[in-house]
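Note on naming: letters A, B, ... go to the chains in the order of the sequence lines (proteins, then strands), and numbering restarts at 1 for each one. What you see is a predicted model; the values in this text were computed from it and never measured.
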Amino acid sequence: MAILTLTTDYGTADHHVASVKGAVYKQLPDARIVDISHSVSPFDIAEAAFQLRQCYAHFAKGTVHLIGVNAQFSENAPHRIAEYDGHFFIAADAGVFSLIFDREPDAVFDINLPSDSDILTFPVLHILVNAACHLMRGGTPEVISKHVDSIHVAQRLRPLLEEDAIRGHVIYVDRFGNLVTDIMNTLFKEVRKERDFTIQLRTGKTRISKISTHYNEVAEGERVALFNTNGNLEIAINKGAPGNGGGASQLFGLRKGDLILIIFHGRTHRQNDFS
Amino acid sequence: MAILTLTTDYGTADHHVASVKGAVYKQLPDARIVDISHSVSPFDIAEAAFQLRQCYAHFAKGTVHLIGVNAQFSENAPHRIAEYDGHFFIAADAGVFSLIFDREPDAVFDINLPSDSDILTFPVLHILVNAACHLMRGGTPEVISKHVDSIHVAQRLRPLLEEDAIRGHVIYVDRFGNLVTDIMNTLFKEVRKERDFTIQLRTGKTRISKISTHYNEVAEGERVALFNTNGNLEIAINKGAPGNGGGASQLFGLRKGDLILIIFHGRTHRQNDFS
Amino acid sequence: MAILTLTTDYGTADHHVASVKGAVYKQLPDARIVDISHSVSPFDIAEAAFQLRQCYAHFAKGTVHLIGVNAQFSENAPHRIAEYDGHFFIAADAGVFSLIFDREPDAVFDINLPSDSDILTFPVLHILVNAACHLMRGGTPEVISKHVDSIHVAQRLRPLLEEDAIRGHVIYVDRFGNLVTDIMNTLFKEVRKERDFTIQLRTGKTRISKISTHYNEVAEGERVALFNTNGNLEIAINKGAPGNGGGASQLFGLRKGDLILIIFHGRTHRQNDFS
C-alpha cells in the first residue's frame, strides 16, 4: 500500500494531526503515514511547498502527499489531486502545486467527494483524507475527481540571470541558520561555464569564491557554500548554529527573501590581467 | 491489532516517549502507535483530556488511549482502565476520565499488574504499557484488573444556562489563536430555539451575530464564529494567527478560562420593533 | 524486521527527518521507525548519547539506532557501526559511541558503502541509511563494513569518588526541570555501604537526606531525590515544572554541568553521637 505523507501548519501540540491519522487508520489499518512537517508557518503555502520540494523525491513512486495548509473551502482554492513525477499531491489549490513542481503536472483533478460530516470547518479530515485513502488503496483519481486542464500558478521569486551574474534569493533558513537559496546547481553550471566566481552576501561585504562538496572542507566557524542534496545552493557556517556560535543567518544578518549575488569573472578579463 | 494512542506531558525533546514506544514494540512488534500530543502542559490533566475529547472518536473502536500525565503512584489516583464508547482509556485516575467523558463510562477497572521494574518512578513504562499491550492483543480488562464502580470526578467549568443566555468559557487556545469554547452545537441549538443571538466577547466590546459554516465565509482578517468538527463553538480570525496579523486570542485579549457570552433575543421583543 | 530508531539534531520543522524516513521506506516498505529525539542541540554528540543511553535498552535486541548528529564527512569521524549489548549503533564516530556505552563495544566496523548521490552534504541520507537498511534486513556488518579494533573515546565528566563523598554532576535537565545526574544507583550503593548521607546542592544551601522510590513520597512542591528508570540519581520538585511553580533547575539555580555532592556520614561518628 502507498505511503501517506502529511505537511501541515497544525503544530504538534494540538490534536488535529492525530485526528487525521485516526481517520486514515480507521479506513486503512495497515497504512503507513510519515510526517513531513507540522510546523509550517500558519497559512504559508510557499513554506509547505518548500518542505515538500526538498524531500518528496526520497519517497517511493506512488506516495500520496497530503497538504493541510490553507485547505479551507474557498472558491479560489478547489480541492485537487495533482500527479507529478509518479507521486500524488492533494491540496486546496491556491497555487501550492505550482510552487512544488518545476513544470506542469502530468494530470490534475478536481475532487468531487462529498464531506463525510455536516461540519465544514475541517475539510482535510472529512474530504481530503478520503481522497488520500482512495489513492493509497490503488484507486484511480478519475473515480473520485474530475480531470481539469491546469493548476493555479502562484508567483514566486526566481533567480534573475545576467550574462555575468545570478541574482538569487534566500528561500529558507533551517534550524542551523543555513541559508538555502533558489540557485540550483544545474543553473549555476549552465551560467558559470567554467568561469571563476564570487558569491556576494550583503552587497559584497562577505564573499565566497568556492563551492565545497561538504561542510568540513572548511574549518569550524568558517563560511562555506555548497549544494544541498536537492541541488539548492546553500550558505552555511561549518558547525555554526544558533546557540553554537551562530549560524549563517545570524552572522551575516540575512533572512528569507534576501538577495544572494553570484558574479562570474569573464575569461577575457582575466587573460588581460597579464597584458 | 488495536491502535495505541499516546497523550503525555513528556515533550518530544526527551527520550521518555521513545522508551514507551520501544517497550510496546518489544512486546508487539506489529503495533501501531499514534501520538496525540506530547506537549500537554506539565501535570495538566484537563489539557490532556481536552486533546483526547477532540480526537478520540476519529479512531476506530477498540483503540487503546494511554495518558501519560500525572501518572505517578498516588493513593488518590489509582491506575485504571475505563471503557467508553467502544474505546479503552488508561490513566492514573485523579479525575482525568471524567474530563474526557460526557457520561459515566461503560466500565472501570483498577489495574493490578505488578511493576516490571524495581524502580517506581516511571509507572507508565513499567505498568501501564503492559496493560495497554494486553488490551491491544485483544485481552479483556478482567484478566489484569479488578472491576470498580466509579471513576473520580474532577470539577470542570461548564456553560451556565439562562433562559436568554449561555455563559460559556474559552477552554483552549490553539496554534492559530482560535478560541475553542465549552459551548457545544447541541446545547446552542437547544437553547436558541431559532432566535437571533449575539456572541459577546469582552463584555460586549466585540460582537458576532452569526454562526458560519466555514472560515472563508468572512473576509480575511475578519472575526468568525463556527462549530469545530467536535461540535465546540470556536471564535477565530479568518487567516489570522500569531505572526500572521494575530489570532483571535491576541486580537481580543482572551485566554483560557475567559467568559464567552451568548445573548438570545426574544421573538416578542423583535415583533415589538414594528409596533 | 528490526526496528530503526533516529536520534538527530535536525529539528522537526524541516524536511530532513522525512527525507531519511522516505529513503528507508523506499527500500523497506514494512520498516518500523521510532523517533528518539530530533531536538538534540546542534552538533552536540554528548546530548545525543545521553538520550540513547536512557532509552535504547527498552527496545528489542537487534534494533538499529541511527545517530544523525555531526555525521558530516570528516577524517576524524569515520562512519561506523558498533555492536553493543545486542543492539546496532550507526554514527560518525568522533566519540559518540564511547559516550553511550559503559564498556568497549562487542564489535566495531568502518562502513565502506559508496554514497548513492554525487552530492556529499547529507551522508546520513546517502550512506548511513543504506547501512541501516542492510542491518534491518538481517544482513551482517561484515558485508558492508570492515572490522576495526576500537572506537574513538570522548572525554566525559564522571563522578569523583572519595571515601565519604561522591562528587557528581547534572548531565541533563528535562522538560520538567528535573536534574538528571551522572550518579548511578549501583555506584551509590557501593559507596554508601548503609551509611546515612546528605545530598548537597549549591554548596549545601539545599540538602536532601533521603532517596525516595517515587515522586509522590513528598508533598507537592517539595524537593525529592530518586533514581530514574535508567538508574541515574535525579533531583526533582514534586509536581514542579517551568510554568507550574518551577522545576528543580529553576528553583535551585542548577544547570547542566553543575556539581551535585553526596556526603556519607561514617558509622563511627554516628555511634559517637551516643557517647
Side-chain angles (χ1 to χ4, degrees), chain A residues 6 8-35 38-47 68-79 92 94 115-127 129-130 175 256, chain B residues 1-3 5-7 11-12 30 32-41 47 50-63 65 172-178 180 185 212-217 220 224 226-232 234 236 238-245 247:
Chain A
L6 300 177
T8 79
D9 58 0
Y10 303 162
T12 53
D14 299 340
H15 60 88
H16 303 97
V17 173
S19 293
V20 167
K21 291 180 180 174
V24 171
Y25 289 130
K26 205 184 242 181
Q27 293 189 45
L28 301 175
D30 293 327
R32 197 154 298 267
I33 306 175
V34 179
D35 302 304
H38 300 295
S39 303
V40 172
S41 301
F43 311 110
D44 192 334
I45 59 171
E47 195 176 313
V69 178
N70 239 353
Q72 293 298 321
F73 284 104
S74 166
E75 285 186 13
N76 305 317
H79 292 140
S115 175
D116 62 21
S117 167
D118 290 344
I119 290 176
L120 304 179
T121 48
F122 200 171
V124 169
L125 181 63
H126 295 299
I127 298 177
V129 154
N130 298 330
R175 189 189 187 218
K256 192 156 79 168
Chain B
M1 186 190 306
I3 285 176
T5 80
L6 300 177
T7 306
T12 53
D30 293 327
R32 197 153 298 267
I33 307 175
V34 179
D35 302 303
I36 305 290
S37 176
H38 300 295
S39 304
V40 172
S41 301
E47 194 177 314
F50 172 81
Q51 298 295 357
L52 266 171
R53 272 179 80 87
Q54 293 288 318
C55 72
Y56 86 88
H58 298 301
F59 288 85
K61 303 275 183 185
T63 297
H65 304 280
Y172 193 72
V173 177
D174 71 13
R175 189 189 188 217
F176 299 90
N178 296 337
V180 183
N185 55 352
S212 298
T213 57
H214 59 280
Y215 298 92
N216 282 322
E217 271 188 32
E220 293 194 13
V224 59
L226 36 67
F227 289 105
N228 74 13
T229 190
N230 192 44
N232 297 72
E234 185 179 309
N238 186 26
K239 299 278 192 299
N244 199 53

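- Of the atoms belonging to A:Ala31, it is backbone heavy atoms, and not side-chain ones, that fall under 4.5 Å from chain B.
- Side-chain contact between A:Ile119 and B:His214 is absent, with no heavy atoms from C-beta onward closer than 4.5 Å.
- Counting heavy atoms from C-beta on, the side chains of B:Phe176 and A:Phe43 come closer than 4.5 Å.
- Remark: side-chain polar atoms of A:Thr121 are paired, donor with acceptor, to backbone N or O of B:Phe227 under 3.5 angstrom.
- Of the possible donor and acceptor atoms, one in the side chain of B:Gln51 sits under 3.5 Å from a partner among the backbone N and O of A:His15.
- The structure places OG of A:Ser74 at 14.5 Å from OH of B:Tyr215, a figure rounded to the nearest 0.5 Å.
- Of the possible donor and acceptor atoms, none in the side chain of B:Lys239 sits under 3.5 Å from a partner among the backbone N and O of A:Asn70.
- A:His16 NE2 to B:His58 NE2: the interatomic distance, rounded to the nearest 0.5 Å, is 9.0 Å.
- The candidate with the highest count of non-hydrogen atom pairs below 4.5 Å against chain A, out of B:Ile36, B:Leu52, B:Thr5, is B:Ile36.
- Ranked by heavy-atom pairs shorter than 4.5 Å toward chain B, the options A:Ala13, A:Ser117, A:Ser41 are led by A:Ala13.
- Between the side chain of B:Thr213 and the backbone N or O of A:Leu120 there is no donor-acceptor pair closer than 3.5 Å.
- Listed here is the closest heavy atom pair of A:Pro42 and B:Pro242: CG-O, 4.4 Å.
- Closest heavy-atom contact between A:Ala18 and B:Asp35: CB-O, 3.7 Å.
- Looking only at distances, no side-chain donor or acceptor of B:Arg175 sits under 3.5 Å from a matching main-chain atom of A:Thr12.
- Neither the backbone nor the side chain of A:Pro123 comes within contact range of chain B; no heavy atom of the residue lies under 4.5 Å from a heavy atom of that chain.
- Among all heavy-atom pairs drawn from A:Tyr25 and B:Arg32, the shortest one is CE2-CD, 3.2 Å.
- Chain A forms more heavy-atom pairs under 4.5 Å with one residue of B:Gly231, B:Ser212, B:Gly247, B:Gly240 than with any other, namely B:Gly240.
- Only the side chain of B:Asn185 has a heavy atom closer than 4.5 Å to any heavy atom of chain A.
- Contact of A:Leu125 with chain B is made through the side chain alone, with heavy-atom distances under 4.5 Å.
- For chain B, the nearby parts of A:Phe73 are the backbone and the side chain; heavy atoms of each come within less than 4.5 Å.
- Side-chain atoms of A:Asp14 and B:Tyr172 include a donor-acceptor pair closer than 3.5 Å.
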